[in-house]
Amino acid sequence: FIISTLLSSIMKAAIYLLCVLSFLLVPYIVLASIKFDEDKEGLNCNELAEKEYCTKDPQTYFDCPVTCAERARPQRPHWGGFERKESPFYEFNLKDVNGKSVRFEDFDGHVTVVALIPLYPGLAPFHRELLEHVFDIYQKTFVVSIVILPMRGQDGVSMGSLREGSKIKMLDAVGDENHELVKYLSKKIQKGVFDASMLNSFIISPEGTHVEMHISADLSMYRQYIDSHLKDLDDEL
């Protein structure tokens, strides 16, 4: 009887431990199952993109992330601008989706990504998960920060929730060209045309003086330009 009771207790403890581990690992398993840098085999992604499924069908952006990003990208997908004095970027103090203060002064010295993501089916939740993946790649550097601002898109479309414990900051607003942060960033771009309906990702240098706008960025673009800023940071050190 004692042995039976002991075995039963051990089994219950093991089941409880498995449940806890499953709960903690689910977000990582889901992210690992998504191919952020390649299209799904067996699909005609070009045809789907031509028929505008990338913004109409919630699943297409997950199946064809490379093609969907390329089709949305203009011929000149990168633009840059410079501050000629101390950057006011670090003066922003906004609220996140939980009502907590997001003090941009905390990003001083970091490579900061500010992603303006329009709320379209597929695109919005995919890019949120892509940025979770990007943050995972760089979290051990401790000098990469990511901010998401949902932008006006299609009614009824949600960005979805960040995973539990995420260090990404999602702002509590649905922005447009009149949002204070959007106005500041878009005015830093000296030549290109800012279109609030596009997926625009701004990368701000650690000192806040260099602002880049990348239109319809994918995983390879994020890695290329974040790595470039990190290299400059290493060279300075």
Side-chain angles (χ1 to χ4, degrees), residues 21-75 77-78 96-97 113-139 146-176 195-203 213-226:
L21 287 174
S22 297
F23 175 78
L24 294 174
L25 291 176
V26 160
Y28 299 94
I29 294 170
V30 170
L31 283 175
S33 68
I34 299 173
K35 300 292 186 182
F36 294 104
D37 55 356
E38 62 183 68
D39 291 341
K40 188 175 182 180
E41 292 185 9
L43 289 179
N44 189 336
C45 288
N46 285 321
E47 181 180 345
L48 291 172
E50 286 175 1
K51 294 180 178 179
E52 300 183 354
Y53 276 81
C54 292
T55 54
K56 293 191 298 186
D57 175 30
Q59 186 59 36
T60 301
Y61 219 103
F62 285 85
D63 291 338
C64 306
V66 176
T67 299
C68 284
E70 287 177 349
R71 287 303 181 100
R73 201 175 294 144
Q75 290 184 340
H78 318 291
D96 70 8
V97 291
V113 177
V114 179
L116 311 182
I117 306 178
L119 294 173
Y120 292 119
L123 183 151
F126 173 84
H127 213 78
R128 172 185 53 75
E129 295 200 34
L130 169 59
L131 289 171
E132 296 262 26
H133 180 66
V134 170
F135 188 84
D136 285 345
I137 293 172
Y138 293 102
Q139 64 177 334
I146 298 177
V147 179
I148 293 175
L149 174 60
M151 296 289 285
R152 208 175 296 280
Q154 183 176 316
D155 291 343
V157 176
S158 170
M159 181 73 65
S161 300
L162 295 168
R163 71 177 180 228
E164 188 73 24
S166 176
K167 301 297 184 182
I168 292 176
K169 306 298 184 183
M170 187 184 297
L171 299 181
D172 184 24
V174 176
D176 56 25
D195 183 348
S197 69
M198 301 285 288
L199 169 58
N200 298 290
S201 298
F202 292 84
I203 299 181
M213 180 176 73
H214 301 279
I215 304 172
S216 192
D218 57 18
L219 178 59
S220 64
M221 290 171 64
Y222 280 120
R223 298 199 67 169
Q224 176 184 349
Y225 292 99
I226 292 174

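Of the charged side-chain nitrogens involved, at least one lies within less than 4.0 Å of a carboxylate oxygen, so that Asp176 and Arg152 count as a salt-bridged pair.
Between Ile203 and Val113, some side-chain heavy-atom pair lies under the 4.5 Å cut-off. At least one side-chain heavy atom of Leu123 sits less than 4.5 Å from a side-chain heavy atom of Pro118.
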Under the salt bridge (charged side-chain N to carboxylate O under 4.0 Å, His left out) criterion, do Asp136 and Arg163 qualify, and how do the steps go? CA-CA 12 Å; Asp136 285 345; Arg163 71 177 180 228; 2.4 Å; yes
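In the displayed structure, Tyr138 atom OH is contacted under 6.0 Å by more than 12 heavy atoms of other residues, nucleotides or ligands. Within a 6.0 Å sphere centred on NZ of Lys56, other residues, nucleotides and ligands contribute more than 12 heavy atoms.
Partners of Phe62 according to the ring-ring contact (aromatic ring centres under 6.0 Å, His included) rule, which considers only residues two or more places apart in sequence or in another chain, are Phe126.
Summarising the geometry, atom OH belonging to Tyr53 is positioned 12.0 Å from atom CG belonging to Asn44; distances are rounded to the nearest 0.5 Å. Going from atom CG of Leu130 over to atom CG of Asp37 covers 9.5 Å, rounded to the nearest 0.5 Å. Considering CG of Leu199 and OG1 of Thr55, their distance stands at 12.5 Å, rounded to 0.5 Å. Separation of atoms CD1 (Ile137) and CZ (Arg223) is listed at 4.0 Å; rounding is to 0.5 Å.
A centroid separation of less than 6.0 Å is found between the aromatic rings of Tyr222 and His127.
Between Cys54 and Cys68, the gamma sulfurs sit within a distance below 2.5 angstrom.
Applying the side-chain hydrogen bond (donor to acceptor under 3.5 Å, both in side chains) rule to pairs touching residues 58-67 yields Asp39-Thr67, Asp57-Thr60, Gln59-Asp63, sequence neighbours excluded.
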